[in-house]
Amino acid sequence: MNSSVKPDFSAEWVLDRQASQLNGGASAMETGVLRIDHRDPKCSFQISMIAGGESVERAWESSLSDEIPFVGKGFYSRLFWEGDALVFECGSKGPDETWSMLWRYELLESSQRLRAVEQMRGRGGDFDNTWIFEKR
């Protein structure tokens, strides 16, 4: 792929629970839908999942940047390219708590599958998860 043309991650993605390798709290996830609206330089994410019969929803937005912006109390987040992978990094380097989370999104199989590799460090436990989603 031409390095100047980056993939578009915009789609509604359905969790393939059997293909995913989930640890820790994520192992309770039963079903899920991830919606990505990718319009460079901004990208918004919305995830709706079911874990133990309970609904879990999260949403966040970020803009592509090579710098790490800090937003009060040492919290930071950024979105950046690593080759054709879209990477979201966030965490805290505050006096009360230090943690980091990294999500690496890659399109597979002619953009019909999405692999999201999650790495969490701090907050009482380190874990790595691989989430696989199918394009709806």
Side-chain angles (χ1 to χ4, degrees):
M1 179 174 277
N2 181 332
S3 63
S4 65
V5 178
K6 297 296 186 187
D8 182 357
F9 287 80
S10 294
E12 187 169 270
W13 303 94
V14 178
L15 179 65
D16 181 342
R17 184 60 185 89
Q18 298 295 65
S20 299
Q21 297 173 356
L22 306 179
N23 302 294
S27 65
M29 298 302 167
E30 300 162 19
T31 63
V33 175
L34 172 63
R35 290 173 190 85
I36 300 177
D37 185 13
H38 179 194
R39 299 171 197 226
D40 279 346
K42 293 188 177 198
C43 197
S44 62
F45 302 83
Q46 179 183 6
I47 193 159
S48 302
M49 308 199 105
I50 301 293
E54 300 290 322
S55 177
V56 178
E57 300 203 16
R58 302 277 185 271
W60 64 98
E61 183 176 299
S62 194
S63 293
L64 288 161
S65 174
D66 290 329
E67 299 187 19
I68 301 177
F70 283 88
V71 183
K73 296 189 179 183
F75 180 78
Y76 66 91
S77 71
R78 73 175 178 145
L79 185 69
F80 60 97
W81 288 108
E82 197 172 89
D84 285 339
L86 189 59
V87 181
F88 177 74
E89 175 184 22
C90 65
S92 175
K93 293 184 179 179
D96 300 329
E97 184 176 42
T98 298
W99 59 273
S100 66
M101 182 176 280
L102 188 80
W103 287 87
R104 180 183 168 81
Y105 299 92
E106 298 174 282
L107 295 175
L108 309 172
E109 298 176 21
S110 301
S111 300
Q112 295 306 299
R113 289 172 69 86
L114 171 72
R115 176 173 50 212
V117 177
E118 171 191 22
Q119 182 182 69
M120 177 69 185
R121 299 294 179 259
R123 284 194 165 169
D126 296 350
F127 61 84
D128 297 284
N129 290 311
T130 300
W131 303 75
I132 302 294
F133 295 88
E134 300 269 344
K135 194 174 210 174
R136 183 178 279 177

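Counting from 1, the numbers follow the sequence of the chain as shown.
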* Does the salt bridge (Lys or Arg N to Asp or Glu O under 4.0 Å) test come out yes or no for R35 and D37, once each step is laid out? -> CA-CA 7 Å; R35 290 173 190 85; D37 185 13; over 6 Å; no
* Asked: Could you give the distance from OH (Y76) to SG (C90), rounded to the nearest 0.5 Å?
  ->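 It is 7.0 Å, given to the nearest 0.5 Å.
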* Asked: So does Q21 have more than 12 non-hydrogen atoms from other groups sitting under 6.0 Å from CD?
  ->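 No.
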Closest approach of [X] to [Y] (non-hydrogen atoms, all atoms of both residues):
| X | Y | value |
| --- | --- | --- |
| S27 | L22 | CB-O, 3.5 Å |
| A85 | E106 | CB-CG, 3.8 Å |
| I50 | S55 | CD1-CA, 4.0 Å |
| L107 | L114 | CD2-CD1, 4.0 Å |

* N129 (side chain) donor-acceptor with N23 (main chain) under 3.5 angstrom ->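 It does hold such a pair.
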* Check: T130 side chain, S20 main-chain N or O, donor-acceptor pair, under 3.5 Å ->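 Side chain of T130 to backbone of S20: no pair is present.
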* Indicate, with yes or no, if the rings of F45 and F9 have centres closer together than 6.0 Å. =>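 Ring centres of F9 and F45 not closer than 6.0 Å.
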* To do: Answer yes if the ring centres of H38 and W13 are under 6.0 angstrom apart, and no otherwise.
  =>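 Aromatic pair excluded; centres sit 6.0 Å or further apart.
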* Residues in salt bridge (charged side-chain N to carboxylate O under 4.0 Å, His left out) contact with D40, at least two apart in sequence or another chain ->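 Salt bridge (charged side-chain N to carboxylate O under 4.0 Å, His left out) list for D40, sorted by chain: empty.
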* Just grab all the salt bridge (charged side-chain N to carboxylate O under 4.0 Å, His left out) pairs involving residues 15-34, residues at least two apart or on different chains. =>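 Residue pairs with at least one partner in residues 15-34: D16-R113.
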